[in-house]
> 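Please read through the structure below; I'll follow up with questions.
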Amino acid sequence: MRNEGDGDMTVHDNDLPAGRSTGRRRLVRTVAAVVALCCLAAGCGLWAEDMEVAWDTPVDRRAESQGNGAWLAGDTLVHSRFDAVRGYDASSGERRWEYVPPGRSAVCHAAADADRSVLVLTRDGDGPSASAKGKPCATLVAMDMTDGRELWQAPHPATDPGLQDFRPSTVSAGGGIAVFPKGDDLHAVDVRTGKPRWKAALPQGCVPGRTAVAERQVAALLACGGTGDRSDDAIPVGAELHAAAFDSASGALLWSGPLGGRTAIHWTSRAEFVSADPVVVAASESGDSKGGAYLSFDRNGRPNPPIDFSGPYGEIRQDDRLTAAVDGARLYVVPRHTVRLSRYEYRLTAFDLTTGAPVWGGTRDDDRLDGGESARFLLGDGNLTVLAWHDDGARLHVLDPATGDRRDVYELPADMDYVSQVFEYKDRLIVARYGAQEPVKPFTAYDRR
């Protein structure tokens with residue numbers, strides 16, 4: 001990848017007449033000035049290199065809304081859907097293994113500890129029609145992601161119907177453990193053996209909801225407080241959302257506190273993890289309202305200033321709130337700005353978690369993506385990589401996360417389907433697709449030229 005100004009601009013004019021030599025020098029200076037201005041302006045200064053398809057997996061039929069996900073573990077890609085889980089060779093796209101739930105049972109949810117190559121899923125109980133027998137999502141299964149071999153299996157506690165929105169993903173994995181609620185408790189088992197590791201020290205009067213696991217800690221949303229008898233309700237009336245972190249090795253409580261600080265957030269509000277370490281939550285003010293903010297905490301549980309979903313930097317829509325990336329100190333999102341009543345422009349923006357203020361981006365004039373709309377983020381190897389949709393196709397933008405300066409731009413084939421997730425494998429970009437209501441290719445790999 002090279003800058004427009006990095007080409008050979010040397011002009012040998014010693015053999016030219018004086019007038020032509022002077023004109024040539026003026027032309028060079030003019031071109032250099034234009035190139036310099038382009039290099040300073042967002043949306044100019046880098047040539048986009050083409051990316052070509054290296055391999056495709058065969059098309060899958062349409063999916064259901066449950067059990068969908070994709071992960072990269074070593075050199076194995078894993079794709080989960082309601083009726084099967086499959087492993088593919090990341091180098092060639094060839095299928096390595098397949099797991100099909102017994103009978104007519106379905107995969108309810110799947111989570112992965114990719115660093116340890118273990119996938120943990122919940123599925124219906126055994127039998128020809130487990131769901132019809134009242135055993136939905138009744139079994140925990142762990143499998144080796146390299147070969148699909150089952151590692152262990154255990155009963156999975158049923159979720160109270162009144163808590164299904166509060167804890168829709170009942171198992172999470174990472175840091176060598178699988179974590180799941182059991183009644184009003186939070187349990188962890190060894191991700192490879194299934195042996196019990198701990199029961200979390202929950203704050204008194206709190207019920208666990210969503211969880212997210214990092215290497216150092218387990219983050220959880222809790223419904224705490226409230227009044228009244230729980231005999232008729234899953235959660236006491238008036239309970240509010242708290243955030244908490246537990247030691248991943250012991251389950252000891254590291255810290256907990258109200259999610260909204262001085263402003264209480266009702267336990268029925270939409271709140272989802274963007275990151276487990278540091279803890280970052282995208283939370284609506286109430287119910288599923290448009291108002292809300294990214295709420296984050298430092299390692300001691302002290303709340304950082306909120307980053308509102310709407311501000312001078314634009315608006316982060318409900319459907320885009322989890323299209324975000326977090327490193328140790330920053331949140332990366334793509335707010336939109338209203339240009340006219342039905343026209344919008346999207347601007348990549350980095351926020352400092354400790355201050356809640358934009359570090360770079362955040363204005364309509366600061367366009368880091370050449371007018372693109374972000375699809376997915378990747379953070380790693382000192383780069384912030386953004387796959388963005390444009391009017392003429394998709395491009396991969398590689399930026400410096402500290403400054404937002406673009407380092408590379410790659411052009412992807414114009415007919416590329418929608419993307420659920422992206423991975424980097426060696427010198428390739430691999431896109432994953434799942435949960436589609438029409439047939440799609442689960443994985444496609446692209447080569448950088």
Side-chain angles (χ1 to χ4, degrees), residues 65-66 108-109 122 134 136-138 156-172 179-188 198-213 217-246 251-274 276 279-297 301-310 318-319 321-322:
S65 60
Q66 65 188 56
C108 301
H109 174 70
T122 57
C137 312
H156 183 250
T159 299
D160 187 311
L163 294 175
Q164 288 179 351
D165 291 336
F166 184 49
R167 51 172 76 149
S169 304
T170 53
V171 61
S172 54
V179 178
F180 55 89
K182 187 175 181 180
D184 288 351
D185 295 319
L186 196 59
H187 291 255
W198 46 256
K199 183 173 77 171
L202 290 171
Q204 187 174 0
C206 293
V207 178
R210 295 176 186 265
T211 59
V213 184
Q217 67 185 24
V218 176
L221 293 178
L222 312 175
C224 300
T227 59
D229 188 357
R230 283 190 60 191
S231 58
D232 296 325
D233 297 299
I235 303 292
V237 175
E240 64 177 278
L241 281 176
H242 283 220
F246 303 89
L253 179 66
L254 300 176
W255 56 263
S256 68
L259 182 62
R262 294 179 179 272
T263 303
I265 298 178
H266 195 265
W267 73 274
T268 58
S269 297
R270 182 176 178 179
E272 299 171 276
F273 283 107
V274 178
V279 174
V280 182
V281 180
S284 298
E285 290 177 348
S286 61
D288 202 13
S289 66
K290 292 184 178 180
Y294 292 102
L295 306 172
S296 65
F297 301 81
R302 288 188 292 267
N304 294 317
I307 300 170
D308 292 334
F309 293 149
S310 182
Q318 285 185 341
D319 292 343
R321 291 171 188 173
L322 298 184

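None of the values given here were measured: they were computed from a predicted structure.
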> Less than 4.5 Å apart, side chain to side chain, heavy atoms only: is that true for Leu241 and Phe166?
yes
> For atom CG of Asp185, is the number of surrounding heavy atoms from other residues, nucleotides or ligands below 6.0 Å larger than 12?
yes
> Give a yes or no on whether the backbone of Thr170 and the side-chain of His109 come within a donor-acceptor separation of less than 3.5 Å.
no
> How close do Pro208 and Pro181 get, heavy atom to heavy atom, and via which atoms?
CG-CB, 4.3 Å
> Relative to Phe273, does Arg210 satisfy both conditions: NZ or CZ under 6.0 angstrom from the six-membered ring centre, and within 45 degrees of the ring's axis?
no
> Are the side chains of Ile235 and Val207 in touch, meaning some heavy atoms are under 4.5 Å apart?
yes
> Looking only at non-hydrogen atoms, find the nearest pair between Ser256 and Pro203 and report the distance.
OG-CG, 3.7 Å
> Could you tell me how the ring of Phe180 sits relative to the ring of His187: parallel (under 30°), tilted (30 to 60°) or perpendicular (over 60°)?
parallel
> How many angstroms lie between atom OG of Ser269 and atom CD of Glu285, to the nearest 0.5 angstrom?
9.0 Å
> Nearest heavy-atom pair of Leu186 and Thr211: which atoms, and what distance?
CD1-CG2, 3.8 Å
> With the side chain counted from C-beta on, respond yes when Leu322 and Val274 share a heavy-atom pair under 4.5 Å apart, and no when they do not.
yes
> Once you round to the nearest 0.5 Å, how far does CH2 of Trp255 lie from CZ of Phe297?
5.0 Å
> Could you tell me which non-hydrogen atom of Ala201 sits nearest to which non-hydrogen atom of Leu253, and how far apart they are?
O-CB, 3.6 Å
> Using every non-hydrogen atom in the two residues, find where Ala219 and Ala276 come nearest and quote the distance to one decimal.
CB-O, 4.0 Å
> Does the pair Val279 and Gln217 meet the rule for a side chain to side chain contact (heavy atoms under 4.5 Å, CB included), with working shown?
CA-CA 10 Å; Val279 174; Gln217 67 185 24; 3.5 Å; yes
> Can you find a pair of side-chain heavy atoms, one from Arg321 and one from Tyr294, that are under 4.5 Å apart?
yes
> Checking Trp267 against Leu221 for the side chain to side chain contact (heavy atoms under 4.5 Å, CB included) test, could you report, in this order, the C-alpha distance in whole Å, the side-chain angles of both residues, the deciding distance, and whether it holds?
CA-CA 9 Å; Trp267 73 274; Leu221 293 178; over 6 Å; no
> For Ala283 versus Phe309, what's the shortest heavy-atom pair and its separation?
O-CE1, 3.4 Å
> Are the side chains of Leu295 and Ile265 in contact, using a 4.5 Å heavy-atom criterion?
yes
